[in-house]
> 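I have a structure here, written as structure tokens, and I will follow up with some questions on it.
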Protein chains: 2
Amino acid sequence: MSQSDRTPRVRLVDVARAAGVSKTTVSDALNGAGRLPAATREHVQKVARALGYRPNATARLLRAGHTRLLGLAAREYVETPWVYADLAYFSQIVTATTQAALAHGYGVVLLPTYGPDDCWLDIPLDGVFVIDPVEGDPMVRDFLAAGVPVVADRRALAEVPVETREAGRWVDFDYGAAVRQVLDHLEAAGAERIAVVAGATTACFHQQSVRAYHEWCAERGREPRIACLPAPGVEHTLQAVTELLAAPAPPDALFTLVELSPPLLLDTIRRLGRSVPGDLLLVCTTEDSAACYTDPPISTLSFLPGETAQAAVDLLVDRLEGREGDPGHLFSADFRVRASSAVPERRGARRG
Amino acid sequence: MSQSDRTPRVRLVDVARAAGVSKTTVSDALNGAGRLPAATREHVQKVARALGYRPNATARLLRAGHTRLLGLAAREYVETPWVYADLAYFSQIVTATTQAALAHGYGVVLLPTYGPDDCWLDIPLDGVFVIDPVEGDPMVRDFLAAGVPVVADRRALAEVPVETREAGRWVDFDYGAAVRQVLDHLEAAGAERIAVVAGATTACFHQQSVRAYHEWCAERGREPRIACLPAPGVEHTLQAVTELLAAPAPPDALFTLVELSPPLLLDTIRRLGRSVPGDLLLVCTTEDSAACYTDPPISTLSFLPGETAQAAVDLLVDRLEGREGDPGHLFSADFRVRASSAVPERRGARRG
DNA sequence: CCCTTGTGCAGGAACGTTCCTTCACGAATA
DNA sequence: TATTCGTGAAGGAACGTTCCTGCACAAGGG
């Protein structure tokens with residue numbers, strides 16, 4: 001049987017007919033509008049309830065001219081169907097975006113990142129938050145061309161035709177500065193051979209981070225020790241760590257840029273016969289709160305998914321509701337120094 | 001400035017006027033329908049592109065009669081705004097639901113779990129997946145009353161008026177059986193004092209699990225050792241574990257029903273001076289893949305969020321597209337025995 | 001008694017599409 | 001030449017609301 005076989009939903013006019021009034025009266029009675037005596041209002045409500053009437057959401061939206069729906073897309077792995085929540089960062093972005101949106105009375109739609117061209121334009125959205133847009137991102141371009149406000153980063157907005165740019169807002173992160181902050185900290189704590197584990201994605205976070213690391217090393221004449229993962233996955237990450245630590249003249253500090261369970265990393269390092277922070281200083285880029293419950297607690301670099309999402313939604317809603325508001329927001333990372341990268345006693349406070 | 005101040009979007013009729021044709025022709029030309037010579041088609045497309053025309057998604061949906069949008073709601077903590085992705089289970093449900101939905105050409109809307117009555121009915125949805133519905137769940141009731149197909153569990157559907165029940169499909173889990181399976185395994189491995197860490201939510205998972213534990217203990221004349229967390233949070237969980245292990249005649253097996261980072265739990269147990277599995281057998285209910293990379297690897301109980309979500313979406317889409325399909329699907333948990341609960345050498349293979 | 005004012009409600013346009021029906025016209029056929 | 005047929009395109013209804021406009025009627029004031 002097909003969808004149309006089912007008994008069709010009861011509409012406003014059906015209620016009107018049953019109650020012996022016009023659709024105006026029904027609409028007014030149900031929405032608390034118009035000039036109606038209580039008797040009429042109650043009568044209509046009773047009939048509506050008896051018939052099981054529920055207004056059609058789509059029709060209301062068409063009338064209203066807005067949908068109170070915000071799109072959310074993570075573009076990091078555009079080629080794969082969907083990977084949002086595998087990483088704590090995205091997972092928290094999703095949660096925070098949804099919470100912020102709900103607080104403003106908006107719902108959130110998780111957008112496809114692939115599919116037939118423009119397929120996302122079939123979804124009725126008031127605005128969109130695009131995380132990690134790719135270069136010349138068609139999604140950003142399409143939505144802005146369609147007049148749908150977008151929050152992305154400044155680079156993505158700069159790539160878009162000027163005439164459509166007005167509806168764009170941005171949230172930016174200075175990933176390079178965050179990486180340098182961590183490296184400076186490790187250097188100050190006495191580290192001389194800092195190794196880095198990075199992913200291999202197109203995300204500007206990774207690109208900027210790796211570039212910053214290379215520059216930082218070049219400035220000091222240090223040789224970069226970097227492991228770029230062939231693919232996401234716990235086993236690849238642990239494998240990379242193992243190889244880094246097995247090298248001749250092994251690193252005395254490790255800085256992971258990829259999401260990995262901090263207690264698991266600690267466990268792995270110990271199994272390789274190294275102690276933290278005695279033999280190896282450790283800083284993890286992670287959103288996993290387990291980092292501060294290990295022994296020793298692990299220093300973390302966070303890119304504040306919660307704050308980012310909140311700002312993105314605020315920017316979008318300001319724009320949607322006609323408030324001027326800011327054109328965007330620049331964030332700084334949250335670097336928490338804990339025991340895993342504190343200066344170990346037996347090393348002395350600082351070099352030199 | 002208000003929203004209406006902005007230059008209004010260009011509509012189908014605007015293109016029609018500009019191209020000197022009727023709206024029928026424009027619609028046909030753009031959608032590849034109708035009988036039009038290539039010349040007309042191209043001309044219309046060129047004009048449309050020049051004007052920057054994008055069809056209005058809401059209007060199309062109203063015509064189409066469906067929205068290709070599926071709602072997703074986790075009702076475990078109905079009173080709080082939104083907590084989906086804080087837990088790996090929900091996080092994976094979200095990911096898997098979205099992937100499955102996209103594969104069928106549907107988008108996913110993350111639904112509010114609180115808010116003004118019926119507020120969810122303002123969202124144009126074709127179907128809804130409700131995880132962990134509460135007793136007499138108003139969301140399930142409202143959607144079914146509105147004729148929107150729902151996937152929930154059998155109990156939730158049984159509470160709904162018979163005449164609206166037809167649109168309901170179910171995915172069920174026998175949580176009690178899963179818990180008994182784990183307890184039997186631990187008993188077979190020689191455990192005599194099995195402690196359990198449970199949450200304190202209204203979710204039927206927790207209710208059924210805890211009940212099963214109590215029944216299992218009663219059948220054997222064992223005294224239950226259960227810690228129910230006052231609130232979600234890593235520190236509460238670790239605190240509960242610490243207290244359980246500090247008790248006189250401490251447990252020789254631990255079974256956690258709440259989400260917790262397995263390597264962190266292992267680390268904590270060791271800090272308390274116990275070894276796994278030597279002093280303490282360990283089974284974690286978790287979706288965290290880190291469990292199999294620790295030393296020793298940790299036995300896990302999984303409730304298969306990926307499979308559950310996939311089944312829910314399939315059920316929904318079958319119903320939406322008029323296929324008969326199954327009324328529901330009953331799942332069994334996935335219990336993976338690893339070294340953390342294997343029979344330790346020095347204990348002997350079995351009791352008795 | 002006529003004009004105003006207010007109340008209670010109906011009619012119908014509008015939101016922006018899609019698609020069914022109709023129509024005009026030129027070519028082919030009887 | 002009259003009839004069919006196919007092609008190209010226009011007109012307008014429909015989707016289900018909301019809301020603007022306006023009508024009928026009763027009450028009140030001059």
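Excluded from the calculations below are hydrogen atoms, water molecules and symmetry mates; all remaining heavy atoms, backbone and side chain alike, are included. All of these numbers come straight from a predicted model, not from anything done at the bench. Protein chains get the first letters and strands the later ones, always in sequence-line order, with residue 1 at the start of each.
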> C:dC15 C1' sits how many Å from A:Leu62 CG, rounded?
4 Å
> Let me know the distance between NE2 of A:His43 and P of C:dC9, rounded to the nearest Å.
11 Å
> D:dA14 P sits how many Å from A:Arg11 CZ, rounded?
11 Å
> Check this one for me: any side-chain N or O of B:Arg60 less than 4.0 Å away from OP1 or OP2 of C:dT18?
yes
> Starting from P on C:dA14, measure out to CG on A:Leu12 and report it in whole angstrom.
19 Å
> Can you check the A:Arg68 CZ to D:dT17 C1' distance for me, whole Å?
17 Å
> How long is the line joining CG of A:Asp122 and P of C:dG16, in whole Å?
17 Å
> Whole-Å distance between D:dT17 C1' and B:Leu121 CG?
15 Å
> Cation over ring, A:Arg75 on A:Trp120, under 6.0 Å and within 45°?
yes
> Decide salt bridge (charged side-chain N to carboxylate O under 4.0 Å, His left out) for B:Glu166 and B:Arg319; before the verdict, give the C-alpha distance in whole Å, the side-chain angles of both, and the deciding distance to 0.1 Å.
CA-CA 10 Å; B:Glu166 191 269 328; B:Arg319 168 62 222 255; 3.0 Å; yes
> Quick test of your reading of the model: are B:Lys46 and B:Glu42 salt-bridged, counting only N-O distances below 4.0 Å?
no
> Short of 4.0 Å, heavy atom to strand atom, which residues of residues 16-41 of chain A count as contacting DNA chain C?
A:Gly20, A:Val21, A:Ser22, A:Lys23, A:Thr24, A:Thr25, A:Arg35, A:Leu36, A:Pro37, A:Thr40
> To the nearest Å, give me how far apart CZ (B:Arg63) and C1' (D:dG12) are.
11 Å
> Cut-off 3.5 Å, side chains only: do A:Thr24 and A:Ser27 have a donor facing an acceptor?
no
> Report the C-alpha distance between B:Asp314 and B:His329 in whole Å, list the side-chain angles of each, state the deciding distance to 0.1 Å, and finish with yes or no for side chain to side chain donor-acceptor pair (under 3.5 Å).
CA-CA 10 Å; B:Asp314 288 347; B:His329 201 296; over 6 Å; no
> Under 4.0 Å between a side-chain nitrogen and a carboxylate oxygen: does that hold for B:Asp122 and A:Arg60?
yes
